[in-house]
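Lettering of chains follows the sequences in order, A, B, ..., and the numbering in each one begins at 1.
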Amino acid sequence: MIQLYNSLTRKKEEFVPIGDEVKMYVCGVTVYDDSHLGHALSSIVFDVLHRYLEYRGFKVRRVQNFTDVDDKIITRANKEGVPAEEITEKYIESFYESMDGLNVRRATVHPRATEDMPEIIGLIQRLIDGGWAYPTNGSVYFRVRRDDGYGKLSGQNIDEMLEATRHDMEVGKEDPADFALWKAVKPDEPQWGSPWGQGRPGWHIECSAMAFKHLGEQIDIHGGGLDLIFPHHENEIAQSESASGSVPFSRFWMHNGMLRNAVGQEMSKSLGNAFNVNSALEEFSSDAIRLWILQSHYRTNPLLDKELIAAAERSMRRIRQAVEVESPAFDEVGESVDFRPFEKRFTEAMDDDLNTPQAIAAIFDLVREVFRGRDSGIDVSGAVESIRDLSGVLGLSLEAPPDKSGLSDAEIEALIRQRHEARDEKRWSDADLVRDQLAAAGVSIADTAGETTWSRK
RNA sequence: GGCGACGUAGCCAAGUGGUUUAAGGCGGAGGUCUGCAAAACCUCUAUUCAGCGGUUCAAAUCCGCUCGUCGCCUCCA
């Protein structure tokens, strides 16, 4: 039984999909800049959820949107003096590059707000027809107070929220709490035609419309960062449930934590201390980044520190070493490492609200069993295969990290031959010199069973 | 002010009433192996879970208070 924590009910609940295919919507990024590690965290978490649900036999349809019409995009486009599409195209490419590099599988559909404009406008019209929204001065607003359930996700009360909020109300709004579904056109902004005049959609309505179009009016899981609970997800619920009458819009609401820096503060774009994914990937393997993230539970706020990613890189070496262990050709004992208890632990941990730290602990324990099995000469092939499978569920590729030695394989092997000659003649210091040279280039060597093996760090 | 999260070893981090006299990783110490190493294996590395008080046969886990940290309430994964 898979249990997932549901932000809506604030407890763990058994996960049972509505239909025979799990419908999952994950809030994507606004494409006005490169992705940072906070985006990586969210994408990795829901990628792992997707992979794990498939591992448990579910079919999954995952939708992750691009918000490609937004104030920040417009600001950036104006600043650089280029059309907004140039900005969005560039950063959509950058997003894919980052996520591919992190071994995050692409969603089933990656819709863009600008490509689903008819659905967005149609949904706004439905809300107006139902009396949930009203046009004014070319904009359309949602009547928050008409929705009795408003605030159920964030636990906020409308009046208490307003107390802490700025009260500079836009002209034409009936109530300061109302939010925009459609924004009347302003000069030099991207615009679309609508029954209410030229303009562009508000942020919240995009997600409802894209979820409806690509998944349907009721979905199984809606994911995103903790910071999206209010107002974004609260507003999505209000719009979606008002328009469709299907309650709940999403059975499960899942929220990943926010990356935290050494001072303990949340890392966000506005703080300007983001750590770019593409540059992180130049320094670390995707496996190290994923392991670092997944060694914390998804609902906590992982600490962002290069030292921790470097530690994860060392941890990955251990797993990689284990899957390279070969079983004896003739297994005289006939024994083999029993990996099933470890797979059971892995599954139980993952079933419990995606407890990846526990699941990873099970993998490491299995890694130890493989080394022990090797040392006692028993068959470890099944266990090695199991490590590969379980790692795969977490999206760990177990591939060697990118080469930084600057040496070709042939050059490395030539140096190793030199060292062999030196060793044969017992010129130990010469031999060590070669080893130091290789080590400096990030190549580690090992003399085992009369042979020298090497690997790039 | 409202809503919420958190404080576990040198560091990261699970565990949320007894099966854990607290997983796993990194780091550190000793041993085996090795020409020496590396890797691996073995052993050790929190009598204790921010502090204080309470409930209980039993608490890191529940309750209260105190101290400290952070998030949301405004664009944000």
Side-chain angles (χ1 to χ4, degrees), chain A residues 7 10 26-30 32-33 35-46 64 67 70-72 75 151 153-157 159-166 203 223-232 234 255-261 263-271 274 291-292 295-297 299-303 305 307-319 321-322 324-325 345 349 352 355-365 367-368 370-372 374-376 423 426-429 431-432 435-436 438-439 444-448 452-455:
Chain A
S7 303
R10 301 183 186 207
V26 181
C27 279
V29 294
T30 301
Y32 72 94
D33 205 348
S35 301
H36 62 226
L37 287 172
H39 299 125
L41 164 61
S42 186
S43 294
I44 288 170
V45 163
F46 292 103
Q64 186 169 20
T67 295
D70 175 87
D71 289 337
K72 289 192 170 170
T75 306
L153 180 67
S154 57
Q156 298 278 338
N157 163 293
D159 293 305
E160 283 167 353
M161 279 186 291
L162 287 175
E163 268 179 47
T165 311
R166 304 189 211 119
W203 175 38
L226 208 58
D227 53 343
L228 296 182
I229 288 179
F230 190 88
H232 190 235
E234 194 70 66
H255 297 280
N256 60 270
M258 300 288 106
L259 233 41
R260 173 172 54 100
N261 66 22
V263 195
Q265 293 164 320
E266 178 205 330
M267 237 209 44
S268 73
K269 294 183 210 181
S270 49
L271 286 174
L291 187 70
W292 157 63
Q295 274 187 313
S296 295
H297 184 85
R299 282 193 284 118
T300 63
N301 303 324
L303 184 62
D305 182 337
E307 279 308 309
L308 295 174
I309 308 178
E313 194 80 84
R314 292 190 287 273
S315 306
M316 280 313 305
R317 280 218 293 273
R318 191 172 152 76
I319 302 179
Q321 291 272 9
E324 278 161 21
V325 170
R345 269 175 63 197
D352 182 17
N355 192 332
T356 52
Q358 289 273 196
I360 289 167
I363 292 177
F364 276 110
D365 283 339
V367 162
R368 174 163 289 116
V370 165
F371 289 129
R372 282 181 180 164
R374 174 199 62 187
D375 290 353
S376 46
R423 290 184 74 210
K426 299 208 189 312
R427 289 185 282 114
W428 304 125
S429 58
D432 291 348
R435 186 167 61 199
D436 292 346
L438 286 165
S444 58
I445 59 174
D447 303 317
T448 48
T452 299
T453 57
W454 60 274
S455 63

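The nearest heavy atom of RNA chain B to A/A312 and to A/S154 marks one nucleotide each, and the one closer to the 5' end goes with A/S154. Residue A/A310 is the one, among A/W428 and A/A310, whose nearest nucleotide of RNA chain B lies closer to the 5' end (criterion: closest heavy atom).
Here the nucleotide nearest the side chain of A/D375, chosen from B/rC12, B/rG27, B/rA40, is B/rA40. Residue A/S42 has its side chain nearest to B/rA77 when only B/rC12, B/rA77, B/rG35 are considered. With B/rA14, B/rA38, B/rC36 as the choices, the nucleotide that has an atom nearest any side-chain atom of A/A446 turns out to be B/rA38. Distance from the side chain of A/L228 is smallest to B/rA77 among B/rC41, B/rA77, B/rC3. Nearest nucleotide to the side chain of A/F371, out of B/rC12, B/rA38, B/rC41: B/rC41.
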Measure all distances between protein nitrogen or oxygen atoms and nitrogen or oxygen atoms of nucleotides 21-24 of chain B, and list the pairs falling under 3.5 Å.
none

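Judged as a side-chain contact (heavy atoms from CB on, under 4.5 Å), and not counting sequence neighbours, the contacts of A/V45 are A/L41, A/N256, A/Y298. With sequence neighbours excluded, the residues that form a side chain to side chain donor-acceptor pair (under 3.5 Å) with A/S154 are A/E234. Every side-chain contact (heavy atoms from CB on, under 4.5 Å) that A/E313 has, sequence neighbours left out, goes to A/F284, A/S285, A/A288, A/R320, A/P401. Qualifying side-chain contact (heavy atoms from CB on, under 4.5 Å) partners for A/R345, counting only residues two or more places apart in sequence or in other chains: A/F342, A/A361, A/A362, A/D365.
As judged by a 4.0 angstrom heavy-atom cut-off over every strand, A/Q156 is placed among the base-contacting residues. No contact: A/H232 has no heavy atom under 4.0 Å from any strand. Nucleic acid contact for A/R435: base, since at least one base atom lies under 4.0 Å from a heavy atom of the residue. Residue A/G151 is out of contact with every strand shown, counting any heavy-atom pair closer than 4.0 Å. At a threshold of 4.0 angstrom between heavy atoms, the contacts of A/T300 are confined to the sugar-phosphate backbone, with no base atom among them.
Rounded to whole Å, the separation between the C1' atoms of B/rU20 and B/rG10 comes to 23 Å. The P atoms of B/rG1 and B/rC62 are separated by 25 Å, rounded to the nearest whole Å. Rounded to whole Å, the separation between the P atoms of B/rU8 and B/rU55 comes to 27 Å. Rounded to a whole angstrom, the distance from the C1' atom of B/rC44 to that of B/rG18 is 28 Å. Taking the C1' atoms as reference points, B/rU48 lies 15 Å from B/rG7, given to the whole Å. B/rU47 and B/rU21 have their C1' atoms separated by 7 Å, given to the nearest Å. Spacing between B/rG24 and B/rG15 at atom P, rounded to whole Å, works out to 15 Å. Taking the C1' atom of each, B/rU45 and B/rA50 are spaced 23 Å apart, rounded to whole Å.
Between atom NZ of residue A/K72 and atom OG1 of residue A/T67 there is a gap of 11.5 Å, rounded to the nearest 0.5 Å. Rounding to the nearest 0.5 angstrom, the gap separating the OG atom in A/S315 from the CD1 atom in A/I309 is 12.5 Å. Taking CD from A/Q321 and CZ from A/R318, the interatomic distance works out to 9.5 Å, rounded to the nearest 0.5 Å. If you take CD1 on A/I229 and NE2 on A/H255, they are separated by 4.0 Å, rounding to the nearest 0.5 Å.
Counting to the nearest Å, the P atom of B/rC75 and the CD1 atom of A/I229 are 15 Å from each other. Atom-to-atom, CG of A/L153 to C1' of B/rG4 comes out at 12 Å; the value is rounded to the nearest Å. Between the CZ atom of A/F230 and the C1' atom of B/rA5 there is a distance of 18 Å, given to the nearest Å. The distance between atom NE2 of A/H297 and atom C1' of B/rU16, rounded to the nearest whole Å, is 13 Å. Atom-to-atom, CH2 of A/W454 to P of B/rA37 comes out at 25 Å; the value is rounded to the nearest Å. Atoms CD1 (A/I445) and P (B/rA37) sit 14 Å apart, rounded to a whole Å. Look at CZ on A/R10: it is 7 Å from C1' on B/rG4, rounded to the nearest Å. Rounded to an integer number of Å, the gap from A/L226 CG to B/rC3 P is 17 Å.
Between B/rC6 and A/N301, no contact under 4.0 Å exists linking OP1 or OP2 to a side-chain N or O. Residue A/R318 places at least one side-chain N or O under 4.0 Å from the OP1 or OP2 atom of B/rC41. Phosphate contact (OP1/OP2 of B/rG35, side-chain N/O of A/R423, threshold under 4.0 Å): absent. For B/rG71, the OP1/OP2 oxygens have no side-chain nitrogen or oxygen of A/R260 closer than 4.0 Å.
Donor-acceptor pairing under 3.5 Å, judged by distance alone, is present between the side chain of A/D432 and the base of B/rG35. On a pure distance criterion of 3.5 Å, a polar donor-acceptor pair joins the side chain of A/D447 and the base of B/rC36.
Formation of a donor-acceptor pair under 3.5 Å by the A/N355 side chain with backbone atoms of A/Q358 is found in this model. Without hydrogens or angle criteria, A/W292 side chain to A/L303 main chain gives a donor-acceptor distance under 3.5 Å.
Base pairing in RNA chain B yields stems of at least 3 consecutive Watson-Crick or G-U pairs, both distances under 3.5 Å, namely B:1-7 with B:67-73, B:10-12 with B:24-26, B:27-32 with B:40-45, B:50-54 with B:62-66.
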Working note: A/D447 + A/R423, criterion side-chain contact (heavy atoms from CB on, under 4.5 Å); need CA distance, chi angles, decisive distance, verdict. CA-CA 11 Å; A/D447 303 317; A/R423 290 184 74 210; 3.4 Å; yes

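Between A/R435 and A/D432 there is a salt bridge, since at least one side-chain N of the basic residue sits less than 4.0 Å from a carboxylate O of the acidic one.
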